[in-house]
> 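Sharing a structure, written as structure tokens. Questions coming.
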There are 2 protein chains.
Amino acid sequence: MNIGAAARASGVSERMIRHYEQIGLIPPAARRDSGYRDYSDADVHRLHFIANARDLGFGIEEIGSLLALWSDRNRASGEVKALALARAEELGRKARALEGMRTTLLDLARNCAGGERPDCPILDRLEE
Amino acid sequence: MNIGAAARASGVSERMIRHYEQIGLIPPAARRDSGYRDYSDADVHRLHFIANARDLGFGIEEIGSLLALWSDRNRASGEVKALALARAEELGRKARALEGMRTTLLDLARNCAGGERPDCPILDRLEE
DNA sequence: TCTGCACCTTGACACCATGTCAGGGTCAAG
DNA sequence: CTTGACCCTGACATGGTGTCAAGGTGCAGA
């Protein structure tokens, strides 16, 4: 399978497939005589796994660990669970931070008349 | 005031002060004969404004708009309010996305025994 | 005056994940 | 053989920030 087909089948863009290969997240693809990369169903399966992990907010390094655990039949699921929980906590921290900013902005906007008048507590707040 | 003192007083790192100057977010700093940048209290004030806006999640371009509105005495506060509300909505979207990922991860982790056993729905889910 | 240290300058490279473009080669169908 | 779709590599961009290197400046103390 050429890289374009692998990209469509896995949900990972051609660009990122080449990138993941370059940084060593996935092993170098097989090559045809032409130099074209050639992907097996197993390769696509792995790419799909990566796409899902990215959708869950895992970073490249964590995905590397997950891939290792995934392909290890004797893995201990505790490690996977720990990674997932750490990721969940990190996501929670970020979500709370964003929510805090959002609340602050909405509070400020509520006290801002809008329209043509120059008065605006939003800018005042930024000056503090 | 040298750049180091301005950085400490404003909460913007030296690195970012130079960066903001380079990308035109702030005007080029005055220079001493030595070539050292020289900052006034007004400059520091503006940097502080930028630091606060960054803390609220505004991007560089939006901060440029806010700076223009800030220094415009005849500004209409409606524009500022619109920027703040747009930012709040964007932050809300991101926060909800993160929260969704977090919930998914926690659900998966709850069904993962952990410990030494290899069974793990987290990895199964990533395979789907 | 010399020395040393803290500070400043510019430029470059790094991260993370991704897009896009250019300049070339390959393949398959018409 | 031509055409168009596909592939290759390499480079540059984004955003916001860190860090490092090689060199100049400023000031205080011996």
Side-chain angles (χ1 to χ4, degrees), chain A residues 1-26 28-40 43-44 47-67 86-87 90-91 94 97-98 101, chain B residues 1-26 28-40 43-44 47-67 87 90-91 93-94 97-98 101:
Chain A
M1 198 186 312
N2 282 341
I3 195 172
R8 281 188 294 276
S10 68
V12 179
S13 71
E14 301 182 22
R15 175 68 174 84
M16 293 316 296
I17 295 177
R18 296 193 186 99
H19 182 60
Y20 292 153
E21 177 178 321
Q22 203 183 358
I23 65 178
L25 183 63
I26 55 177
R31 299 282 185 146
R32 298 180 193 281
D33 288 349
S34 61
Y36 284 18
R37 288 178 181 79
D38 190 13
Y39 295 91
S40 68
D43 293 331
V44 170
L47 288 169
H48 194 59
F49 179 97
I50 293 174
N52 283 331
R54 290 246 10 98
D55 284 348
L56 286 178
F58 286 95
I60 296 289
E61 205 162 332
E62 282 172 315
I63 293 177
S65 305
L66 288 172
L67 280 172
R87 189 91 288 270
E90 174 69 12
L91 290 173
K94 285 187 184 168
L98 291 180
M101 295 179 205
Chain B
M1 198 186 312
N2 283 343
I3 196 172
R8 283 186 293 276
S10 68
V12 180
S13 70
E14 300 181 23
R15 175 72 177 79
M16 293 315 296
I17 294 177
R18 296 194 185 99
H19 182 61
Y20 292 153
E21 178 180 321
Q22 203 184 358
I23 65 178
L25 183 63
I26 55 177
R31 298 285 186 144
R32 299 181 192 281
D33 289 349
S34 61
Y36 284 17
R37 289 177 180 80
D38 190 13
Y39 296 91
S40 68
D43 293 330
V44 171
L47 288 170
H48 195 59
F49 179 97
I50 294 173
N52 283 331
R54 289 244 12 96
D55 284 348
L56 286 176
F58 285 95
I60 296 288
E61 206 161 331
E62 282 172 315
I63 293 176
S65 306
L66 287 172
L67 279 172
R87 190 90 288 272
E90 173 70 11
L91 290 174
R93 264 199 303 276
K94 286 187 184 167
L98 293 181
M101 296 178 205

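All chains are named by letter (A, B, ...) in the order of the sequence lines, taking the proteins before the strands, and each is independently numbered beginning at 1.
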> Pair up each side-chain donor or acceptor in residues 4-19 of chain B with any protein partner under 3.5 Å, not counting sequence neighbours, and list the distances.
residue	atom	partner	partner atom	Å
B:S10	OG	B:A6	O	2.8
B:S10	OG	B:V12	N	3.2
B:S13	OG	B:M16	N	3.2

> Find the distance A:D33:CG to C:dG25:P and express it as a whole number of Å.
18 Å

> To the nearest 0.5 Å, tell me how far A:I3 CD1 sits from A:E21 CD.
7.5 Å

> Let me know the distance between CD1 of B:I23 and P of D:dA13, rounded to the nearest Å.
14 Å

> Does anything in residues 8-22 of chain B come within less than 4.0 Å of DNA chain D? Heavy atoms only, and list the residues if so.
B:S13, B:R15, B:M16, B:H19, B:Y20

> With respect to the phosphate group of C:dT26, does any side-chain polar atom (N or O) of A:R31 fall under 4.0 Å of OP1 or OP2?
no

> Taking atom types as they are modelled, is there a donor-acceptor pair under 3.5 Å from the base of C:dC7 to the side chain of B:Y36?
yes

> Specify the closest pair of heavy atoms between A:L25 and A:I50, including all atoms of both residues, with the distance to one decimal.
CD2-CD1, 4.0 Å

> If we ignore hydrogens and angles and just use 3.5 Å, is the side chain of B:D38 paired with the main-chain N or O of B:M1 as donor and acceptor?
yes

> Nearest-Å distance, CD1 (A:I3) to P (D:dC6)?
13 Å

> Of all heavy-atom pairs between A:L67 and A:F49, which one has the smallest distance, and what is that distance?
CD2-CD2, 3.5 Å

> Rounded off to whole Å, could you give me the CD1-to-P distance for the A:I50 and C:dC16 pair?
15 Å

> If you find the nucleotide of DNA chain C closest to A:S34 and the one closest to A:G59, which residue's nucleotide is nearer the 5' end?
A:G59

> Between atom CE in A:M1 and atom P in D:dC7, what is the gap in whole Å?
11 Å

> Give a yes/no answer on whether the side chain of A:R37 brings an N or O atom under 4.0 Å of OP1 or OP2 in C:dT26.
no

> Show the atom names and distances, to 0.1 Å, of all donor-acceptor pairs under 3.5 Å that link a side chain in residues 51-58 of chain A to residues at least two apart or in another chain.
residue	atom	partner	partner atom	Å
A:N52	ND2	B:L126	O	2.7
A:N52	ND2	B:E128	O	3.2
A:R54	NH1	A:F58	O	2.5

> Please report, rounded to the nearest Å, how far the P atom of C:dC8 is from the CG atom of B:N2.
5 Å

> Rounded to the Å, how far apart are A:D55 CG and C:dT18 P?
9 Å

> Can you check whether A:R54 has a side-chain N or O nearer than 4.0 Å to OP1 or OP2 of C:dT18?
yes

